[in-house]
Amino acid sequence: MQYRFIALDLGDDVDIKRLMQEKSSHIEYIRWEEPFKFKYAQGTVYVYSFEP
């Protein structure tokens with residue numbers, strides 16, 4: 001089985017709280033080390049937030 005991964009560093013350009021509101025009907029607290037996951041096309045997107 002093959003997997004395809006694409007990793008991007010978008011810096012401070014992603015507002016995760018806003019993304020959660022747009023992509024999920026259920027908003028819950030996510031610890032900084034847990035990704036926000038949502039389906040996109042035929043795959044899953046994992047968004048991590050790393051606070052300085």
Side-chain angles (χ1 to χ4, degrees):
M1 179 180 289
Q2 287 187 319
Y3 292 98
R4 180 177 172 189
F5 292 91
I6 298 172
L8 302 171
D9 178 0
L10 301 176
D12 294 333
D13 294 342
V14 177
D15 182 349
I16 292 183
K17 289 180 183 178
R18 182 175 169 198
L19 183 64
M20 290 173 70
Q21 290 173 345
E22 292 178 7
K23 296 293 182 186
S24 177
S25 61
H26 174 8
I27 306 297
E28 63 182 58
Y29 173 75
I30 296 179
R31 297 184 332 214
W32 70 269
E33 66 269 10
E34 295 177 4
F36 170 57
K37 299 179 275 190
F38 63 93
K39 296 287 185 190
Y40 182 78
Q42 286 81 31
T44 303
V45 175
Y46 294 84
V47 180
Y48 288 88
S49 174
F50 296 101
E51 300 289 330

Novice: Could you list the residues that satisfy side chain to side chain contact (heavy atoms under 4.5 Å, CB included) with Tyr3, not counting sequence neighbours?
Specialist: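 If we apply the side chain to side chain contact (heavy atoms under 4.5 Å, CB included) test to Tyr3, skipping adjacent residues, the hits are Met1, Phe5.
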Novice: Partners of Arg4 by side chain to side chain donor-acceptor pair (under 3.5 Å), sequence neighbours excluded?
Specialist: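 Residues passing side chain to side chain donor-acceptor pair (under 3.5 Å) with Arg4: none at all.
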Novice: Which residues pass the ring pair (Phe, Tyr, Trp, His ring centres under 6.0 Å) test with Tyr46, sequence neighbours left out?
Specialist: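 Testing Tyr46 for ring pair (Phe, Tyr, Trp, His ring centres under 6.0 Å), a comparison that skips the adjacent residues, returns none.
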Novice: Centroid-to-centroid, Tyr40 to Phe38, below 6.0 Å?
Specialist: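 Ring centroids of Tyr40 and Phe38 are no less than 6.0 Å from each other.
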